[in-house]
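Note sheet for the following structure.
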Protein chains: 2
Amino acid sequence: MTETTTGRRERKKARTRQALADAAVRLFTERGFDNVGVREVAEAADVSLSTLFKHFPSKEALVFDLDADIESALMAAVRDRAPGQSVLHALRDHMVHTRTAVRTDDPTFVLVESTPALRDYARRMWSRHEKTLADTLAEATDLAPDDPAVTGLARFALEAPSIARASDDPARAMRDLFTLLEHGWATTALARQQDRPGREG
Amino acid sequence: MTETTTGRRERKKARTRQALADAAVRLFTERGFDNVGVREVAEAADVSLSTLFKHFPSKEALVFDLDADIESALMAAVRDRAPGQSVLHALRDHMVHTRTAVRTDDPTFVLVESTPALRDYARRMWSRHEKTLADTLAEATDLAPDDPAVTGLARFALEAPSIARASDDPARAMRDLFTLLEHGWATTALARQQDRPGREG
DNA sequence: ATAGAAAATCGGAGCGGTTGTACTTTTGCA
DNA sequence: TGCAAAAGTACAACCGCTCCGATTTTCTAT
């Protein structure tokens, strides 16, 4: 996935980045997100404050060390779906599988869920993929990228996890939500089963 | 709507509040949201910085001087809907009527639409009504307030305007979106036409 | 009228996230 | 070996926002 261009430089860079992320999650978990300053995180990772912000654009970003791969996986799920499967169905499966696991063991996950500022940030991060997803959906169905059916589905699908997680049974809630969306979008090309996007007329 | 309790005190308070809001919109429009500091706004309204933050919780809030009435109007639209009309239908009508007007003459509207920080803030403001709306919907249909069908509809209905506005024909996009939602939620109590919530079994 | 409570305002210090600038060190490569 | 790019450093400053003690203005009850 990620470019593994050789080089000691890149390795060291990755190391300090990791040191920052680790220190951040540890300190935030120990004493709470709001009770730890960025200067303190930099200190704990033994780098300067300037360096911290060269690696992460904001305090919140220290906790989300992934991002890029997530988006590409999402798009791939739609593009490389099983033959004959609708884009909506593929989207549903991917979202259910990747975003309903309740990993109470993952400290980062717990930290995010228990910190409103981080929950909001996570939601906004997902929303950033909205346009890319809409484009992918449009491309896969020959609909216009600004068709409300397309942009609406992109938005709602990305919002679904944040709704489902508020439920006692997130996986079930997620499926229910997508069932509703499927019924609504049933008459659109998004829900129609179809062969892989024809590369010939 | 708003309590008009007599008194010179309340009048003066409202006056300074208005002075702040006016100065803010004027300065922001003239020179851009990011190029005007809160201290400057306070200065222009001839009040102290402390006073500014006693009236508004944040810089962004200076631009949104309404809020409370909006929420009650939204809930009222659902609760006091025409007899026999479904909650979803009532919700749709209200959202379409109040949120699709493109007021290119309203400076506040233009300001908000052209400033990402303010667009985000506006979206979050609407999201804050999500729980209240979900409760109202649940009450009107005898569904559980945490039913995904309820919370999902509340979220999506409130998000719809922000999607529709990205289109060239917002009003049309808004109606299209609600049509999709109506199809999806058709099998739920939210879309079923019904008499006013029976106060008797 | 007047005292005293309550509310609004003030001034200013200060915190925490973020940015900018100029400088040093490390690393890759010719 | 030498030079350019990249990574890291140090430090000051900005900005949104909060806190606090003091002061003024308005309301209310006697």
Side-chain angles (χ1 to χ4, degrees), chain A residues 3-25 27-28 30-65 111 115-118 120-121 124-125, chain B residues 2-25 27-28 31-65 115-118 120-122 124-125:
Chain A
E3 312 266 347
T4 46
T5 48
T6 55
R8 166 160 38 253
R9 191 177 245 160
E10 335 247 339
R11 248 174 291 138
K12 285 209 170 184
K13 186 174 178 179
R15 241 180 74 247
T16 58
R17 183 189 179 83
Q18 196 58 42
L20 280 165
D22 289 349
V25 171
L27 289 174
F28 292 162
E30 282 175 8
R31 321 214 316 263
F33 184 75
D34 294 327
N35 302 322
V36 180
V38 280
R39 284 154 177 103
E40 203 170 349
V41 174
E43 202 64 29
D46 200 37
V47 295
S48 74
L49 181 63
S50 321
T51 300
L52 187 155
F53 279 106
K54 287 242 166 68
H55 283 272
F56 300 92
S58 72
K59 183 185 182 184
E60 288 87 354
L62 283 161
V63 180
F64 301 93
D65 209 3
L111 174 63
T115 309
L118 289 176
D120 280 16
Y121 187 83
R124 259 181 274 157
M125 274 194 50
Chain B
T2 314
E3 312 266 347
T4 45
T5 48
T6 56
R8 167 158 38 253
R9 191 181 249 160
E10 333 245 337
R11 247 173 292 140
K12 286 209 170 184
K13 186 174 178 179
R15 245 178 71 246
T16 57
R17 183 191 180 84
Q18 196 59 42
L20 280 164
D22 289 350
V25 171
L27 289 174
F28 292 163
R31 320 211 320 262
F33 184 75
D34 293 327
N35 301 321
V36 179
V38 279
R39 281 151 176 107
E40 204 170 348
V41 174
E43 201 64 30
D46 199 36
V47 296
S48 74
L49 182 66
S50 326
T51 299
L52 186 156
F53 280 107
K54 285 247 161 62
H55 283 273
F56 300 91
S58 72
K59 183 185 181 183
E60 289 86 354
L62 283 161
V63 179
F64 301 93
D65 209 3
T115 309
L118 289 176
D120 280 15
Y121 186 83
R124 258 180 276 157
M125 274 195 50

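First the proteins, then the strands, lettered A, B, ... as listed; each starts at 1.
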- Task: Starting at atom NE2 of His55(B), determine the distance to atom C1' of dC10(C), rounded to an integer number of angstrom.
- Result: 12 Å
- Item | Proximity to the side chain of Val47(B) - top-ranked nucleotide from dC10(C), dT26(C), dA6(C) | dC10(C)
- Task: Take atom CD of Glu10(A) and atom C1' of dT26(C), then tell me their distance rounded to the nearest Å.
- Result: 14 Å
- Is the shortest side-chain N to carboxylate O distance from Glu40(B) to Arg31(B) below 4.0 Å? yes
- From the list Val47(A), Val38(A), Asp46(A), side chain to side chain contact (heavy atoms under 4.5 Å, CB included) with Leu20(A) holds only for Val47(A)
- Query: dG17(C) P sits how many Å from Leu52(A) CG, rounded?
  - Reply: 10 Å
- Got a sec, which residues hit side chain to side chain contact (heavy atoms under 4.5 Å, CB included) with Ala44(B), two or more places apart in sequence or on another chain? Ala23(B), Arg26(B), Leu27(B)
- Message: With a 3.5 Å cut-off and heavy atoms only, can you find an N or O donor on one side and an acceptor on the other between the side chain of Arg9(B) and the base of dA8(C)?
- Response: no
- Rounded distance (Å) that lies between atom C1' of dA8(C) and atom CZ of Arg15(B): 13 Å
- Item | Cation-pi, Tyr121(A) ring and Lys59(A) (6.0 angstrom, 45 degrees) | no
- Distance in angstrom units between Leu20(B) CG and dT9(C) C1', rounded: 12 Å
- Message: Going 5' to 3' along DNA chain D, which are the first and last nucleotides with any atom under 4.0 Å from a heavy atom of chain A?
- Response: dA5(D) to dA13(D)
- Item | d(CZ, Phe53(A); C1', dT19(C)) in whole Å | 9 Å
- Message: A side-chain contact here means heavy atoms from C-beta on lying under 4.5 Å apart; do Arg15(B) and Arg11(B) qualify?
- Response: no
- Message: dT26(C), OP1 or OP2 - any side-chain N/O from Arg8(A) closer than 4.0 Å?
- Response: no
- Over how many whole Å does the gap from Asp34(B) atom CG to dT18(C) atom C1' extend? 13 Å
- Message: What's Val36(A) touching, base or sugar-phosphate or nothing? Going by heavy atoms closer than 4.0 Å.
- Response: sugar-phosphate
- Message: Salt bridge or not between Arg124(B) and Glu60(B)? Use side-chain N to carboxylate O under 4.0 Å.
- Response: no
- Message: At less than 3.5 Å, do the side-chain atoms of Ser50(B) and the base atoms of dG12(C) form a donor-acceptor pair?
- Response: yes
- N/O (side chain, Lys54(B)) to phosphate O (OP1/OP2, dA8(C)) under 4.0 Å: no
- Query: Of Val38(B) and Asp46(A), whose nearest nucleotide on DNA chain D comes first from the 5' end?
  - Reply: Asp46(A)
- Message: Counting only side-chain heavy atoms from C-beta out, which of dG16(C), dT19(C), dT27(C) sits nearest to Arg39(A)?
- Response: dG16(C)
- Query: Mapping Arg11(B) and Gly37(B) to their closest nucleotides on DNA chain D, which lands nearer the 5' end?
  - Reply: Gly37(B)
- Task: Mind checking side-chain hydrogen bond (donor to acceptor under 3.5 Å, both in side chains) for Thr51(A) and listing every partner two or more places apart, or none if nothing turns up?
- Result: Ser48(A)
